[in-house]
Amino acid sequence: MGDTTSSTTGSKKAPARESARRKEDTLRRLEQDVDAWVSTAGADGLPYLTPLSFVWHDGYLLMVTRTTNPTARNARATGRAYVSLGHTRDVVLIEAEVEAVPVEALGEAEGEAFVAKLRWDVRSDAAYTFLRFRPVTVTAWREVNELAGRHLMRDGAWLV
């Protein structure tokens with residue numbers, strides 16, 4: 001009883017983080033991480049998973065992909081996606097509404113933020129589409145001891 005040893009790793013688990021700390025850690029990851037896994041599905045329900053680079057800008061994730069890629073097509077068809085940061089022992093899972101933005105319609109501040117972080121500029125290439133992922137729900141956890149308090153955002157509003 002009271003043993004905090006993980007049966008899968010044999011190592012001691014850290015105590016569960018308070019919700020405020022989890023939000024702080026999540027926001028830090030959104031600012032500092034570069035890549036995320038993006039999961040979308042087309043109107044036919046067929047799932048598609050791909051890694052994309054992102055910038056956290058004004059409360060949403062901004063990513064870019066080729067206009068013809070399944071992620072862009074699915075985003076236009078359904079307007080929904082899941083985005084995951086981290087690995088299986090430090091998860092941030094975001095359910096998001098997605099808006100496809102043609103390169104010529106991207107705001108200047110957004111474009112500059114994207115280029116400044118990722119050092120990649122496709123704003124003059126119509127073969128690409130920017131995607132704005134607005135979080136609807138955000139959950140974050142590291143181990144089973146954090147599952148109970150994993151919900152940080154619901155309906156687009158931070159709970160913490």
Check: Can the ring centroids of Phe54 and Phe114 be said to lie less than 6.0 angstrom from one another?
Finding: no
Check: Are the side chain of Arg22 and the backbone of Leu152 linked by a donor-acceptor contact shorter than 3.5 Å?
Finding: no
Next item on the list: Of all the heavy-atom pairs spanning Val98 and Ala81, show the shortest one and how long it is.
Entry: CG2-CB, 3.5 Å
Item checked: Residue pairs, two or more places apart or on separate chains, that pass side chain to side chain donor-acceptor pair (under 3.5 Å) and touch residues 146-155 -> Arg17-Glu146
Check: Which atom names give the shortest non-hydrogen contact between Ser84 and Leu93, and what distance separates them?
Finding: CB-CD1, 4.2 Å
Next item on the list: Provide the closest heavy-atom pair for Ser53 versus Leu118 in the form atom of the first, atom of the second, distance.
Entry: CB-CD1, 3.8 Å
Next item on the list: Considering only NZ, NE, NH1 and NH2 on the basic side and carboxylate oxygens on the acidic side, decide whether Arg29 and Asp25 come within less than 4.0 Å.
Entry: no
Checklist line | Distance-minimising heavy-atom pair for Pro15 and Asn145 | finding: C-ND2, 3.7 Å
Check: Taking the side chain as C-beta and beyond, is there a heavy-atom pair between Met63 and Val83 under 4.5 Å?
Finding: yes
Note to self: With no hydrogens and no angle check, just 3.5 Å: does a side-chain donor-acceptor pair link Glu110 and Tyr60?
What the structure shows: yes
Check: In terms of heavy-atom contacts, does CD of Glu99 have more than 12 from other residues, nucleotides or ligands at under 6.0 Å?
Finding: yes
Notebook entry, point to check: Hey, does the side chain of Asn69 reach the backbone of Thr65 with a donor-acceptor pair shorter than 3.5 angstrom?
Noted result: no
Checklist line | pair Leu106-Leu62: side-chain heavy atoms closer than 4.5 Å | finding: yes
Next item on the list: Might you point out which heavy atoms bring Gly59 and Pro135 nearest each other, and give the distance in Å?
Entry: O-CD, 3.4 Å
Margin query: Treating Asn74 as the side-chain partner and Leu46 as the backbone partner, does any N or O pair qualify as donor plus acceptor under 3.5 Å?
Written below: no
Note to self: side-chain contact (heavy atoms from CB on, under 4.5 Å), that's the test. Do Thr139 and Met153 meet it? Break it down for me.
What the structure shows: CA-CA 7 Å; Thr139 56; Met153 178 186 283; over 6 Å; no
Note to self: Treating Thr67 as the side-chain partner and Ala127 as the backbone partner, does any N or O pair qualify as donor plus acceptor under 3.5 Å?
What the structure shows: yes
Notebook entry, point to check: Is there a donor-acceptor pair closer than 3.5 Å between any side-chain N or O of Arg28 and the backbone N or O of Lys23?
Noted result: no
Item checked: Over 12 foreign heavy atoms within 6.0 Å of CD, Glu108 -> no
Margin query: When you compare the side chain of Leu131 with that of Val64, does any pair of heavy atoms fall below 4.5 Å?
Written below: no
Next item on the list: Give a yes or no on whether a salt bridge exists between Arg80 and Glu95, defined as a side-chain N under 4.0 angstrom from a carboxylate O.
Entry: yes
Checklist line | Smallest separation among heavy atoms of Ala113 and His57, with atom names | finding: CB-ND1, 3.6 Å
Check: Which value, rounded to the nearest 0.5 Å, describes the distance between Trp158 atom CH2 and Thr26 atom OG1?
Finding: 6.0 Å
Next item on the list: Quickly, which of Val136, Leu61, Thr137 forms a side chain to side chain contact (heavy atoms under 4.5 Å, CB included) with Ile94? Name it, please.
Entry: Leu61
Next item on the list: Would you check, one step at a time, whether the test side-chain contact (heavy atoms from CB on, under 4.5 Å) holds for Asp35 with Asp33?
Entry: CA-CA 6 Å; Asp35 299 316; Asp33 283 14; over 6 Å; no
Next item on the list: Report yes if the distance between the aromatic ring centroids of Tyr128 and Trp120 is under 6.0 Å, otherwise no.
Entry: yes
Margin query: Tell me whether Tyr82 at atom OH has more than 12 heavy atoms from other residues, nucleotides or ligands lying less than 6.0 Å away.
Written below: no
Notebook entry, point to check: Do Glu112 side-chain atoms and Ala109 backbone N/O form a donor-acceptor pair below 3.5 Å?
Noted result: no
